[in-house]
Amino acid sequence: MSFLKPKTHIEQGDIVILYLSVNSMHAIEAVPTIVNKKGETIQHIFQTNYGSLKVESIIGVEYGSRVELSKGWANVLQPTPELWTQTLPHRTQIIYTPDISMILHQLEVRPGAVVIESGTGSGSLSHYFLRALKPTGHLHTFDFHEARADQARDEFKRHGLAAFVTVYHRDVCNLGFSSELDGAADAVFLDLPAPDLAVPHAFKALKLSGGRFCSFSPCIEQSQRCIQELTKLGFNEICSMEVLQQESVIKTRSLPVVDLEFLKSPKTNETTAQTTPSAEESKTPKELKKYLTSSNPQTLPGHTGFLTFATLPPNIPKA
C-alpha cells in the first residue's frame, strides 16, 4: 500500500526502495518470509553488493532511515513513480521520465480526469498517470498480452492503487476500447506498433467536449501514418517531437591570464621600453585564475521515440 499516500513508517507488505547509490537501487517487498523455487517457506533475506539484509528487520522502521547490511548500509525509501521506473521488473521496454513528463504535461492529466492507455507493458507510465489522477480520476489501461495484463492487475492491487485503475486484456487495434468507454475519456495515450489502427477508436473514446491525444512511436514512419489518420478525423494542433535529456558538465578550470593594465597608460618611447618584456621575462608563467565553466557532455543520450500530440475539438460528429 506504499504507493497510495505518503507514510512515515514501513508496514508489512509495503514495497520499499532499498537505496545503495544513484545507480544501485532495488524494490523489495517488506515481508518476513518468502516461498522459494522448491515451494518451501524461508526467511526473506535480500542480497546486495554490500551484503545481505534481513527484510523482517525493516518492518516498523521510519522511511528514509539508514539500515545495516552485513557488509555496509543502505537507506529505505518510500517508492515514487520515478523510483519505481528505475527498479521495476521489465516485462517490456519502458518509457522513462523525460518522455513521461512531456506526456503528462501535454495530455493535461489532472485529478478527476479519465485517461485511456494502451499498452500497459511494465506499468511505468501507468504509475505516473495514477499519481496525477488520484483521488477522483480513473485510468483504463489495455494490453493485448493476457499474462502481462494479469501481472499489471496484481501489481496495482499490491501497490494499493486498484480503486483507481481498470486493466483490460484486449487487442485495441482490432476491437477498440469497448463501447462502455465511448465518449468517456479526457485523454488517450497509445504505445503500439501500429498506432494508426487505433486512432479511430481513440476518436470514439474521447469526450464530445473534446480531449487530448498522444502516441509514442520509435520510428518516424509510425508517426507519419498516425498523423494521416488524425488529420482525416478532424484532430488539430497536431505535432511530433523528440525529447532528449542533456546535462551540462560543470567544472572549475584554471586558465593563464595576462595582465593588460599597461594598455590603459599612454604610450611613449620611455614607457614602451619599460613595459616591453625581455626574452627572459616572456618565459615567466602567466597568472593562473580559476573559473567555473559549463560544457556539453562528450556523449549524448540516444533516440527513445517520437511523441505525436493532437487535440480533438469539441462537438465533432462521431458516426
Side-chain angles (χ1 to χ4, degrees), residues 1-18 25-37 39 41-42 44 46 55-56 58-61 63 76-95 100 103-104 109-172 177-178 180-181 184-185 187-189 191:
M1 301 295 181
S2 41
F3 281 86
L4 184 58
K5 59 183 179 180
K7 301 174 66 173
T8 57
H9 292 77
I10 299 172
E11 298 177 8
Q12 184 167 322
D14 279 357
I15 302 298
V16 178
I17 304 298
L18 190 66
M25 289 179 271
H26 307 278
I28 59 175
E29 189 173 5
V31 291
T33 60
I34 56 173
V35 178
N36 64 13
K37 294 180 180 179
T41 300
I42 59 173
H44 190 187
F46 188 81
V55 178
E56 184 178 18
I58 69 173
I59 298 174
V61 170
Y63 277 110
V76 284
L77 308 178
Q78 184 171 358
T80 63
E82 291 81 6
L83 294 174
W84 180 245
T85 292
Q86 297 182 61
T87 56
L88 59 77
H90 284 221
R91 300 184 283 271
T92 59
Q93 289 186 339
I94 66 172
I95 300 176
I100 290 174
I103 292 167
L104 294 175
V109 183
R110 59 197 181 279
V114 176
V115 175
I116 292 176
E117 173 194 29
S118 184
T120 311
S122 299
S124 170
L125 177 59
S126 304
H127 281 77
Y128 287 84
F129 277 143
L130 289 167
R131 180 175 63 182
L133 294 168
K134 291 185 301 169
T136 53
H138 201 84
L139 173 67
H140 298 272
T141 182
F142 292 77
D143 203 293
F144 76 97
H145 193 284
E146 186 174 7
R148 284 204 296 263
D150 291 340
Q151 287 175 305
R153 190 180 294 109
D154 179 64
E155 202 167 72
F156 293 134
K157 185 177 180 180
R158 288 188 289 111
H159 293 176
L161 300 171
F164 309 102
V165 58
T166 304
V167 182
Y168 304 80
H169 165 231
R170 190 178 179 89
D171 180 0
V172 300
F177 297 112
S178 80
E180 291 82 3
L181 293 178
V188 174
F189 172 80
D191 183 4

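Source: prediction; values computed, not measured. Residues: numbered from 1 along the sequence shown.
In this structure, Arg153 pairs ionically with Asp150, as a charged nitrogen and a carboxylate oxygen lie closer than 4.0 Å.
Smallest separation of non-hydrogen atoms from Thr92 and Gly121: OG1-CA, 3.4 Å. Of all heavy-atom pairs spanning Thr87 and His26, the tightest one is CG2-N, 4.0 Å. Residues Ser122 and Glu155 approach most closely at O-OE1, 3.8 Å, considering heavy atoms. When all heavy atoms of Ile10 and Ala30 are compared, the pair lying nearest together is CG2-CB, 3.9 Å. Here the closest non-hydrogen pair linking Ala132 and Val109 is CB-CG1, 3.6 Å. Summarising the geometry of Asp171 relative to Phe144, their closest heavy-atom pair is CA-CB, 4.2 Å, with the distance given to 0.1 Å.
Under the salt bridge (Lys or Arg N to Asp or Glu O under 4.0 Å) criterion, the residue pairs touching residues 120-136 are Glu82-Arg131, with sequence neighbours excluded.
Checked against the 6.0 Å centroid criterion, the rings of His140 and Phe177 do not qualify as a close aromatic pair.
The distance from the CD1 atom of Ile15 to the CG atom of Leu83 is 13.0 Å, given to the nearest 0.5 Å. Taking CG of Leu133 as the start and CG of Leu139 as the end, the distance is 6.5 Å to the nearest 0.5 Å. Note that CD1 of Ile95 and CZ of Phe189 are 3.5 Å apart. Values are rounded to the nearest 0.5 Å. Of the inter-residue distances, the one linking Thr141 atom OG1 with Phe156 atom CZ reads 6.0 Å to the nearest 0.5 angstrom.
Put simply, the residue from Lys7, His159, Arg158 that forms a side chain to side chain donor-acceptor pair (under 3.5 Å) with Asp14 is Lys7.
Taking the side chain as every heavy atom from C-beta outward, Leu18 and Val76 approach each other to under 4.5 Å. Looking at heavy atoms from C-beta onward, Val165 lies out of side-chain contact with Phe129 at the 4.5 angstrom threshold. Annotation: side chain of Pro81 is not in contact with side chain of Leu130 (no heavy-atom distance under 4.5 Å).
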